[in-house]
Asks: 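Here it is, the structure, as structure tokens.
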Amino acid sequence: MVLRLHNTLTRDKVDFAPLDPKNVRMYVCGPTVYDYAHIGNARPAIVFDVLFRLLRHSYGDAHVTFVRNITDVDDKINARAAEEKISIADLTTRTAAQYQADVQALGCLPPTHEPRATHYIGQMIAMVERLVASGHAYAAQGHVLFDVESKSDYGKLSRRSINEMLAGARVEVAPYKKNTMDFVLWKPSDADIPGWESPWGRGRPGWHLECSAMSESLLGETFDIHGGGIDLQFPHHENEIAQSECAHGGHPFAKVWMHNGFLQVEGEKMSKSLGNFFTIRELLDDWPGEVLRLNMLRTHYRQPIDWTAHSLKESWKILERWYDDAGAMASPRLGEKFLAALADDLNTPQALAELHQETPEAVAGGLSLLGFSVMSESIAAKPELDATSINHAIAARTAARAAKDFKESDRIRDELLAKGIVLKDGAGGTTWEVKR
RNA sequence: GGCCACGUGGCGGAGUGGUGACGCAACGGUCUGCAAAACCGUGAACCCCGGUUCAAUUCCGGGCGUGGCCUCCA
């Protein structure tokens, strides 16, 4: 099976050939931990978890290194901690733990490494020093700025020239910048916000720098795949490339760049003012995690997705049926067409369509590879009633039906329905599921 | 204003230069005390206008619409 991936850098689909098949390396931008993660944040987590699983399947679990960082130093964090009158450490620790619990509930494996930015300050300072020494960065008024003019191919990922950017620029015009597009590598900190001693005084890193330093430490100068949301393409990823390549003597950074599409909710941009802003946690109150996961995978990762309650209901129904078919299978296997669809740039909608045509064994195998490993129990575990009392009621109803007391049997059925339990009379007896 | 995506049946959503993916819903049937479920079956689409071509939903140009980035929002 040849894995093909769409590379944003070249805008085409290429055969994936790892630099080292014994250690396939992937980096994905993780959350800035100042608030609950929202459903848009869940998309890259799920998409690249599927890729992680596929790579592990292809190269072996021990031969894939996946890094997803946690940004725990940021001005939004500082502002939020001040608002809530709690310490920055408390805020970031709490929020990071919530994020990890949320994505786990969505069926995501823990990454190989989940580095925190604050643990890599030394590496960041060292990288800035190299950039200054090689003429790609300059210090000015306590800041250190990257000189975009010093890199001839700056803009290659987002495909825009410095002049084009300037034409539409609304960036802060700071008098100490040589070029308006120059971005901050290091900035000074007042006494009341986090800061570290550096050759340029007490300060903190610029956002883009963090990912460059952490990927360098954990994956090396050049690695295979870098992922993230399409909105990060510029400026974040563009600047990561600039910093890393210049700090590494021009050696290439990530070979393949992958970007997931944006998410809308009920046809509109998700925003707090529109009232359609959903955190992962809120959705988990109403929907099983694997339903959210399936709903995400029913659209190709590069396409925009419209997140709707209607679609979630459909996902629930599909998943429940698959669990009925495959839940008890002891010998899962993988269908060839299913695998081929996944290998074709992670075409999960196609892969799911193939699953609809598959045997129960292949459904079980396919679901498992996609991260739906908690078969059947998880959805059934949702109702307030316990299984024992439901089964008790079913037995009473079966007895009433045998006695042709349909008034009583219908009463029991309606009573369960009112509690959200739907009965299904099949050839092998009566089963139940949670009403959607 | 600049750059860039996307627009497929009632809905979701793949894909393709020529035989109407797939799922949900709907409709018909089987089954059932009834209903649901399950199973079998049916109909239904490629934003608009040009161009290229024997042939375009698929390629090219324009238009319209939606969205993203250019403001450290995935």
Asks: When you match A/Leu263 and A/His300 each to their closest nucleotide on RNA chain B, which lands nearer the 5' end?
Replies: A/His300
Asks: Atom NE2 of A/His143 and atom P of B/C72: how far apart are they, to the nearest Å?
Replies: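 Answer to the nearest Å: 14 Å.
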Asks: Partner lookup for B/G1, please. Criteria are Watson-Crick or G-U wobble with both distances under 3.5 angstrom; report none if nothing qualifies.
Replies: B/C70
Asks: Write down the partner of B/A26 under the Watson-Crick or G-U wobble criteria, each distance required to be under 3.5 Å.
Replies: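 Pairing partner: B/U42.
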Asks: Check the geometry between A/Phe262 and B/A74 and answer yes if their rings are stacked (centres below 5.5 Å, planes below 30°), otherwise no.
Replies: yes
Asks: Paired with B/A37 by Watson-Crick or G-U wobble geometry, both distances under 3.5 Å: which nucleotide is it?
Replies: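 Across all strands, not a single nucleotide pairs with B/A37.
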Asks: Any strand is fair game: report the nucleotide pairing with B/G9 by Watson-Crick or G-U wobble, both distances under 3.5 Å, or none.
Replies: none
Asks: Less than 6.0 Å separating the ring centroids of A/His356 and A/Trp322?
Replies: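 Under 6.0 Å, so yes.
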Asks: Could you identify the nucleotide paired to B/A21, looking across every strand shown and requiring Watson-Crick or G-U wobble geometry with both distances under 3.5 Å?
Replies: none
Asks: When rounded to the nearest Å, what value does the distance between P atoms of B/G1 and B/G9 take?
Replies: 30 Å
Asks: Can you confirm whether or not the ring centre of A/Tyr36 sits under 6.0 Å from the ring centre of A/Tyr99?
Replies: no
Asks: Is there a side-chain contact between A/Asn239 and the phosphate of B/C72, meaning an N or O under 4.0 Å from OP1 or OP2?
Replies: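 It does not, given that no N or O in the side chain of A/Asn239 lies less than 4.0 Å from OP1 or OP2 of B/C72.
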Asks: Are A/His6 and A/His259 an aromatic pair, judged by ring center distance below 6.0 Å?
Replies: no
Asks: Distance check needed: B/G12 C1' versus A/Gln264 CD, whole Å only.
Replies: 15 Å
Asks: Report the distance from atom CE of A/Met296 to atom P of B/G13, rounded to the nearest whole Å.
Replies: 13 Å
Asks: Using purine N1 to pyrimidine N3 plus N6-O4 or O6-N4 for Watson-Crick, or N1-O2 and O6-N3 for G-U wobble, each under 3.5 Å, what pairs with B/A55?
Replies: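 The base-pairing partner of B/A55, which may sit in any strand shown, does not exist here.
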Asks: Given salt bridge (Lys or Arg N to Asp or Glu O under 4.0 Å), test A/Lys255 with A/Asp224 step by step and report yes or no.
Replies: CA-CA 5 Å; A/Lys255 302 290 274 188; A/Asp224 296 294; over 6 Å; no
Asks: Mark up nucleotides 22-35 of chain B, 5' to 3', with B wherever a protein heavy atom is under 4.0 angstrom from a base atom, S wherever such an atom reaches only the sugar-phosphate, and - elsewhere.
Replies: SBSS-------BBB
Asks: For B/G13 and A/Thr299 - does any side-chain N or O of the residue sit under 4.0 Å from the phosphate oxygens OP1/OP2?
Replies: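 For A/Thr299, the contact criterion (side-chain N or O under 4.0 Å from OP1 or OP2 of B/G13) is met.
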Asks: Using a cut-off of strictly less than 4.0 Å, decide whether A/Lys269 has a side-chain nitrogen or oxygen near OP1 or OP2 of B/G67.
Replies: no
Asks: Taking for each residue the nucleotide of RNA chain B bearing the nearest heavy atom, is the 5' side occupied by A/Asp74 or by A/Asp306?
Replies: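 That would be A/Asp306.
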Asks: Grab the CZ-C1' distance between A/Phe234 and B/C69 for me, whole Å please.
Replies: 9 Å
Asks: Looking at A/Lys317 and A/Glu314, is any side-chain nitrogen of the basic one under 4.0 Å from a carboxylate oxygen of the acidic one?
Replies: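 Answer for the salt bridge query: no.
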Asks: Are any side-chain N or O atoms of A/Thr93 and backbone N or O atoms of A/Ala89, one a donor and one an acceptor, separated by less than 3.5 Å?
Replies: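 Here the side-chain-to-backbone pair exists.
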Asks: For the side chain of A/Ile230, counting heavy atoms from C-beta on, which of B/C6, B/G68, B/G12 is nearest?
Replies: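 So the nucleotide nearest the side chain must be B/G68.
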Asks: Using ring centroids (six-membered ring only for Trp), state whether A/His38 and A/Phe278 fall under 6.0 Å.
Replies: no
Asks: Between atom CZ in A/Phe277 and atom P in B/A74, what is the gap in whole Å?
Replies: 9 Å
Asks: Only one of A/His208, A/His143, A/His136 clears ring-ring contact (aromatic ring centres under 6.0 Å, His included) with A/Phe183; which?
Replies: A/His208
Asks: How many whole angstroms separate atom CZ of A/Arg160 from atom P of B/A5?
Replies: 12 Å
Asks: Would you mind reading off the distance between A/Glu268 atom CD and B/G67 atom C1', rounded to a whole angstrom?
Replies: 12 Å
